[in-house]
Structure formats: structure tokens, C-alpha cells
K.L.:
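Before we start, here is the structure in question, set down as C-alpha cells.
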Amino acid sequence: MILCFNIVETLEEKRKFEKLYMQYRKMMYYVAYGILKDSYRSEDAVHQAFIKVMHHLDKIDESNVDRTKAFLVLITEHTAIDLYRKLKRETMLSYEEASQYIGAISGENGSYDHEIYDVIAKLPLHYRTILMLKYAHGYKDEEIATLLDMTSSNVRQRISRAKRKLQQMPDEQEG
Amino acid sequence: MKYQVDDEFLYKYMLQAEESMLKQLPEEETICHEFSNEFSENMNELLRQEKKKGLKKNTLRVVRIAAVFLAVFLAVKSWAFIRERFQVMPDKTTYIPSGFVTRQPVYIPKGFTVLEQQGDEKEYRIEYGNEFQQTIQYCQRPLGEEELDFDSEKADVIGIEGNQVFVERREDHIQLCWEEEGCIYTIAGNVDESELVKMCRSVME
């Protein structure tokens, strides 16, 4: 009985992974391409993002399509930015600089309904990803750390900095 | 635009900001991209890994569950063996080899201590004494073919905790005897009768 249950669970996980792959791979590619501007590297980022997702399948609730989609976008963005930094390491490109490349999905064209959303959208990606995982998806600091290959203290530090940045951004824009 | 960025603010706006962000993305069907063969091969490999990982993870889980079941089974069998080999006394008792469940008085008259305590399959006996050379003997035997060895003409019958207790008085020596739950109990000694009655009651309770 237990064995049957486990076989079903194994098949269920495989089915879930396949479904995510079939349903969202192009959207993930689009997100990665928005950052990397390179087809080959974008595919690489999607592949790496799926490797991360594979280890956190239990965190994905398929029934909530928007939440699943948002989760995959955040992971892909983070992976793509990581890859971008790795590729540009010799030029010491910062996250802030890298974030300039994601204009296509950051709402720079002012299409957000609300000014606050606009500010949040313009937040550097490495800040925005963590804030969304914590405050929109409800993940704990430790879970975010595992998901993004960081330490918990690093996550807490980044959240603190993100809040400060978010607080300062309207003044910077006005200035 | 002024606002205070705290947890309440973030819980309120991050979800909505995320929804707005999703609206900016094109529909999956409208994204035209043919993935390379290399990517497809890599992903197929990943899918195979996922299957293997799932099987490995679940095999480990089955092994763990089986180990727990085995441990519980062994514990139950061991406990059954102990219960069979040594009867476990519920309270006021000790272990003796299989035979019957022993009980002993909770109340002991002031100044008395246990001088001797022994038990076997046929009898459980405790002797108490004090500094004035007074002694009390407590005995419990399983009820067998023998009946209460009492001269009913010489013994009085009193009721304690709903049991009939025979009281035999010989000069300063008093003996209480009763039958309860398949055992014969006797408490005897050269002490005040009320003290023996208290001991008797404490056995029954």
C-alpha cells in the first residue's frame, strides 16, 4: 500500500514537473531573454531555473496559476541575473546596473496602474525578487535562502536594504 | 509621493505589484521561440533525473517507514514477552516470576519497617517490625484448592471496602483474612487491631 502510494507520488511529481516545463518554458525564456539578450544564454538560464524548481516542487501549487507563474518568473529573473553577473564579472557589473536590462518587464514605460507599483517595479531585481518571495508568496527567510542559494543572514540583510531603497526611491526620482 | 515602507505596506502592495508585473508578460502562445536541440536534450536529461530522484527519495521513504514499523513490531513483541515472563504490577507492587499480580499495603503503622520481603509463584510475603519487637506479617496467595483456613466460630466477620474480612483474635495476636480477586490475603501481628484494619484497607484501595 505504502509502495503504491509512493509510486503514485513519484509519478505525480514527474507529471507536475513536465507540466511546468511544457506550460511555462517559453515565458521563462522571454523573461531570461529580457535580461540576457542572448538566445543561447537565455536557454541556459531557463535550464538552470528548472534545476532550482526541480528541488522545490513541493512549494508549487499548480491550482494557483498566477502564483505558479509569478514564482517561475522570479526564479528565472534571479537565475538570469546571476548568469549575467557571472558573464560580466570581469567588468564588475553591479546588480543595479544589470537591472537596467530588464526594462521590458519592469514597467519603465509607466504602464502600471499605481505609482507605488511603478516604484516597486523599478526596484533593483535582486531586491524585488526577495521582497516578492517574502511578502507576496509568504516564504520564510530560510526558505528564500535555500531557494536562491544564499545564507539566511544575507536574505535578512537584503530585505532590510530593499526596504531602505524602496523608501528612498521616490525622493531620488524627484531629485 | 510619501509612504512608510514597513511589513504592513509590503504585504499590502507586493502581491498587487506582482500581479501587475504578470500582466506585462505576453501570453505563452504568443512567444515565438524554437528551443535548440541542446536545450531539449538537457531538459530531457533533467526530466529523467527527476524521475530517478523521485524513485530514490521514495525508496528511502519506504525504507524509513518499514524501519519504523519493524521497530514498533519488535517493541510490541518484546513487551508481550516481558509481560508473559514477568507479570507487571500495576501499582504498590514489584515484579515476581509468573504466577499472580501481587499487592502490598500502602499504609504501614508508624515505627514499622520492612524486615523481609519475598515472593514466588505460590506466595508473596512481607514481614514488618518495629523497635519494640512487634511484628506484622502480610501474605498474599493465589486462591487454589485450599479455602480460607479459619475457624468461623472463633472469628468475627467485618466489612471493609465491600469485602468480608475475617478477624481472629488469639491473646494479643490478631489476624485478618479475606479473599479478593482470586487471592487470599492475610495480615497478622501483635499490634492494635485498628492498625491492621488500616493496612487491610490500604491493600484493597
Side-chain angles (χ1 to χ4, degrees), chain A residues 2-3 5-7 9-14 17-18 21 23-27 29-31 33 39-40 42-44 46-47 50-51 54-55 57 66-67 69-70 73-74 104-107 111-117 119-121 128 131-132 134-137 162-164 166-167 170 173-174, chain B residues 1-70:
Chain A
I2 296 164
L3 194 64
F5 175 75
N6 280 291
I7 289 168
E9 200 176 54
T10 304
L11 293 172
E12 174 62 21
E13 283 191 355
K14 184 173 179 288
F17 189 71
E18 279 176 341
Y21 171 65
Q23 199 168 337
Y24 297 109
R25 68 187 194 282
K26 283 188 178 178
M27 184 269 300
Y29 172 83
Y30 176 87
V31 170
Y33 190 83
S39 178
Y40 176 78
S42 299
E43 287 186 355
D44 197 19
V46 172
H47 180 249
F50 268 115
I51 291 175
M54 190 172 82
H55 294 113
L57 278 177
D66 280 350
R67 191 53 57 86
K69 193 173 177 180
V73 167
L74 292 174
I105 55 168
S106 69
S111 60
Y112 282 122
D113 297 337
H114 199 285
E115 286 180 63
I116 289 176
Y117 305 158
V119 173
I120 291 172
R128 200 184 69 189
L131 289 184
M132 282 189 171
K134 185 175 176 71
Y135 293 100
H137 291 256
K163 285 179 178 175
R164 207 177 317 141
L166 199 54
Q167 187 74 65
Q173 283 176 352
E174 284 170 20
Chain B
M1 181 175 49
K2 286 288 173 190
Y3 49 77
Q4 181 61 40
V5 178
D6 53 17
D7 284 351
E8 191 184 350
F9 172 89
L10 291 167
Y11 278 119
K12 184 177 177 184
Y13 287 108
M14 289 312 290
L15 187 58
Q16 294 170 36
E18 186 181 83
E19 285 168 3
S20 295
M21 177 190 81
L22 289 179
K23 283 179 190 167
Q24 304 301 308
L25 292 171
E27 290 298 319
E28 180 89 5
E29 303 81 49
T30 63
I31 302 170
C32 298
H33 175 70
E34 287 298 321
F35 284 96
S36 64
N37 289 337
E38 191 182 346
F39 175 81
S40 301
E41 282 169 17
N42 286 339
M43 284 309 299
N44 284 337
E45 179 59 29
L46 207 57
L47 287 166
R48 276 195 292 275
Q49 278 179 22
E50 168 58 20
K51 191 178 177 182
K52 281 181 193 169
K53 184 203 78 177
L55 277 172
K56 189 179 172 186
K57 189 174 82 177
N58 288 300
T59 305
L60 281 170
R61 189 182 295 167
V62 169
V63 169
R64 279 197 204 109
I65 292 169
V68 170
F69 272 106
L70 184 64

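This structure is a prediction, so every number in the text was calculated from the model and none was measured.
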K.L.:
Go through it in stages, so that I can follow the logic: the residues are Lys23(B) and Asp66(A), the test is side-chain contact (heavy atoms from CB on, under 4.5 Å), and I'd like the CA-CA distance, side-chain angles, deciding distance and then a yes or no.
P.N.:
CA-CA 10 Å; Lys23(B) 283 179 190 167; Asp66(A) 280 350; over 6 Å; no

K.L.:
Can you tell me how the ring of Tyr11(B) sits relative to the ring of Tyr135(A), calling it parallel under 30°, perpendicular over 60° and tilted otherwise?
P.N.:
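The rings of Tyr11(B) and Tyr135(A) stand perpendicular, inter-plane angle above 60°.
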
K.L.:
How about Lys26(A) and Thr30(B): do any of their side-chain heavy atoms sit closer than 4.5 Å?
P.N.:
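Sidechains of Thr30(B) and Lys26(A): no contact.
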
K.L.:
Is Arg25(A) close to chain B through its backbone or its side chain, or both, or neither, when contacts mean heavy atoms under 4.5 Å?
P.N.:
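Both parts, backbone and side chain.
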
K.L.:
Identify which part of Leu166(A) has an atom lying under 4.5 Å from any heavy atom of chain B, answering side chain, backbone, both or neither.
P.N.:
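Backbone plus side chain of Leu166(A), per the 4.5 Å heavy-atom cut-off to chain B.
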
K.L.:
OH of Tyr13(B) to CG of Leu131(A): how many Å apart, nearest 0.5 Å?
P.N.:
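CG of Leu131(A) is found 15.5 Å from OH of Tyr13(B).
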
K.L.:
Nearest 0.5 Å, what's the CD1-OH distance between Ile31(B) and Tyr24(A)?
P.N.:
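Between atom CD1 of Ile31(B) and atom OH of Tyr24(A) there are 12.0 Å.
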
K.L.:
Pick one of side chain, backbone, both or neither for Glu8(B), based on which atoms fall under 4.5 Å of a heavy atom in chain A.
P.N.:
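Answer is neither: Glu8(B) stays 4.5 Å or more from chain A.
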
K.L.:
If I take atom NE2 from residue His33(B) and atom CD from residue Glu43(A), how far apart are they, to the nearest 0.5 angstrom?
P.N.:
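The CD atom of Glu43(A) is 4.0 Å from NE2 of His33(B), to the nearest 0.5 Å.
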
K.L.:
Just how far is it from atom CG of Leu10(B) to atom NZ of Lys134(A), taken to the nearest 0.5 Å?
P.N.:
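The CG atom of Leu10(B) sits 10.0 Å away from the NZ atom of Lys134(A).
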
K.L.:
Ignoring hydrogens, what is the shortest heavy-atom contact between Leu25(B) and Met27(A)? Give both atom names and the distance.
P.N.:
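For Leu25(B) versus Met27(A), the nearest heavy atoms are CD1-SD, 4.0 Å.
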
K.L.:
CE/Met43(B) to CZ/Phe50(A) distance, rounded to the nearest 0.5 angstrom?
P.N.:
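That separation rounds to 5.0 Å.
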
K.L.:
To the nearest 0.5 Å, how far apart are NE2 in His137(A) and CG in Leu15(B)?
P.N.:
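These two atoms lie 7.5 Å from each other.
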
K.L.:
Answer with side chain, backbone, both or neither: which region of Glu38(B) has an atom nearer than 4.5 Å to a non-hydrogen atom of chain A?
P.N.:
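Contact with chain A involves the side chain of Glu38(B) alone.
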
K.L.:
Does the side chain of Leu74(A) reach to within under 4.5 Å of the side chain of Glu18(B), using non-hydrogen atoms?
P.N.:
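Answer yes - side chains close enough.
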
K.L.:
Please classify the contact between Ser39(A) and chain B as side chain, backbone, both or neither, with a heavy-atom cut-off of under 4.5 Å.
P.N.:
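Just its side chain gets close to chain B.
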
